[in-house]
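Below, all heavy atoms of this structure are taken into account, side chains as well, without hydrogens, waters or symmetry copies. In listed order, ligands and their atoms are each counted from 1.
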Amino acid sequence: MRYAKSMAIEIKSVTKAVIPAAGLGTRFLPATKATPKEMLPVVDRPAIQYVVEEAKRAGLNDVLMITGRNKRALEDHFDRVPVLESQLAEQGKDALLAAVEESNFLAGIHYVRQGDPKGLGHAVLCAKTHVGDAPFAVLLGDDLIDEKDDLLSRMVEVQERTGGSVVALMEVPREAISAYGAAAIEAVEGEDGFVKVTGLVEKPAADEAPSNYAVIGRYVLSPKVFETLENTAPGRGNEIQLTDALQTLAQGDGEGEGVYGVVFTGRRFDTGDKLSYLKANIILASEREDLGPDLREWLKEFAQTSC
Ligand code: G1P
């Protein structure tokens, strides 16, 4: 940062979040036949609302969702429903009214359609016009991060200090690494809050992975990534992979290049597959004041009688 200032380069702060939400949700069919997977409830809020709330907590009040066909429910969810709101107000249902209103005013939410889904890298490229020439965050909707954790804010700080791109890394068992982007990392002298990412591979076989550090669904990217994505050929699955563009950026040391990692050791809830989705619902509900005590009591009985 000091370096950039002395060079009179304008430091642009991170204010925008991009949420790719064009996926078909095939793992949850038939539930996702007519309902976007992002709208599946986790306890009583759609999964996507947790992600928008996380962006807001990190100070990102401008959210761009990359959507596709059959995703209109997302727009409806983050919009006002005057008839419902006045009915709740008349009936004195203040808590419900507050819950409905909260999702109306979470952030300035914008939408762009991906049309032809050609991978995560392609989805991010769809944000180019909206984002412009400033660093921005990408939040993948399948990953929910414990709301007590400030992972995204820490990543924003690292981006502002380094000027590069920042990924969130989580150590996973070796046999699980093939479900993720995997990172080769090295320590940065004098820094314990982040590491340097020297290489990235999308979904490697366990014996070819550079480490057990998996990229999880949070990124804070330099706008340089757009140009890099435009020059990134389709990779794994014949899709334009964000991981491949980041691998290119990791090799550079020019302005906006370089990739760094923040190692996350907190709780992450994966709502992208059925078992983890069910676990996320149970864990989060059991921690709620209104539901937790009864649910925990019932879980004990259930475990004793049914397991
Ligand atoms: C995407 C990325 C992958 C990353 C993962 C995190 O994969 O391509 O690098 O590790 O998200 O959840 P997906 O899960 O969309 O297949």
Side-chain angles (χ1 to χ4, degrees), residues 17-28 32 36-38 40 42 47-48 50-51 54 65-68 114 117-127 137-146 149 151-152 155 165-185 197-206 208-221 225 228-229 232-250 259-264 266-277 279-280:
V18 172
I19 305 182
L24 296 175
T26 40
R27 278 191 268 185
F28 282 87
T32 47
K37 70 168 176 174
E38 294 79 9
L40 295 180
V42 175
I48 190 95
Y50 290 79
V51 180
E54 182 190 340
M65 293 203 188
I66 315 294
T67 66
Q114 194 178 358
K118 287 187 270 185
L120 179 58
H122 179 248
V124 171
L125 197 46
C126 294
V138 174
L139 291 84
L140 304 189
D142 284 347
D143 283 345
L144 305 187
I145 301 295
D146 188 349
D149 209 292
L151 171 66
L152 196 55
M155 293 174 72
S165 293
V166 185
V167 294
L169 298 173
M170 194 169 184
E171 211 169 354
V172 299
R174 175 69 38 161
E175 64 275 14
I177 197 77
S178 59
Y180 299 94
I185 60 172
V197 173
T198 55
L200 284 154
V201 193
E202 178 68 2
K203 305 199 173 115
E208 283 166 18
S211 77
N212 283 15
Y213 284 98
V215 175
I216 58 167
R218 298 294 179 271
Y219 308 78
V220 181
L221 302 174
V225 76
T228 312
L229 280 167
T232 298
R236 204 186 154 83
N238 205 26
E239 294 185 333
I240 299 181
Q241 297 290 351
L242 180 57
T243 303
D244 293 346
L246 290 172
Q247 157 67 5
T248 305
L249 288 175
V259 178
Y260 301 86
V262 171
V263 177
F264 179 63
R267 293 192 307 168
R268 158 183 176 258
F269 305 100
D270 178 2
T271 59
D273 80 81
K274 283 183 224 175
L275 183 60
S276 329
Y277 171 78
K279 287 183 192 169

Student: Do V262 and L169 make a side-chain contact, defined as non-hydrogen atoms from C-beta onward lying under 4.5 Å apart?
Tutor: no

Student: Is the closest side-chain heavy-atom distance between K118 and E239 below 4.5 Å?
Tutor: no

Student: Looking at V42, is its backbone amide N or carbonyl O close enough to the side chain of Y50 to form a donor-acceptor pair, meaning the two atoms are under 3.5 Å apart?
Tutor: yes

Student: Can you list the residues that meet the side chain to side chain contact (heavy atoms under 4.5 Å, CB included) rule with S276, with sequence neighbours excluded?
Tutor: D270, D273

Student: Taking a 3.5 Å cut-off between nitrogen or oxygen atoms, can you list every pair linking ligand 1 to the protein, with distances?
Tutor:
{"from": "ligand 1", "atom 1": "7 (O)", "to": "K203", "atom 2": "NZ", "distance (Å)": "3.4"}
{"from": "ligand 1", "atom 1": "8 (O)", "to": "E202", "atom 2": "OE1", "distance (Å)": "3.4"}
{"from": "ligand 1", "atom 1": "8 (O)", "to": "E202", "atom 2": "OE2", "distance (Å)": "2.7"}
{"from": "ligand 1", "atom 1": "9 (O)", "to": "G181", "atom 2": "N", "distance (Å)": "3.1"}
{"from": "ligand 1", "atom 1": "9 (O)", "to": "E202", "atom 2": "OE1", "distance (Å)": "2.7"}
{"from": "ligand 1", "atom 1": "9 (O)", "to": "T243", "atom 2": "OG1", "distance (Å)": "3.2"}
{"from": "ligand 1", "atom 1": "10 (O)", "to": "G181", "atom 2": "N", "distance (Å)": "2.9"}
{"from": "ligand 1", "atom 1": "10 (O)", "to": "V215", "atom 2": "O", "distance (Å)": "2.6"}
{"from": "ligand 1", "atom 1": "16 (O)", "to": "K203", "atom 2": "NZ", "distance (Å)": "2.5"}

Student: State which residues pass salt bridge (Lys or Arg N to Asp or Glu O under 4.0 Å) with R236; sequence neighbours excluded, sorted by chain then number.
Tutor: none

Student: Residues in salt bridge (Lys or Arg N to Asp or Glu O under 4.0 Å) with D244, at least two apart?
Tutor: none

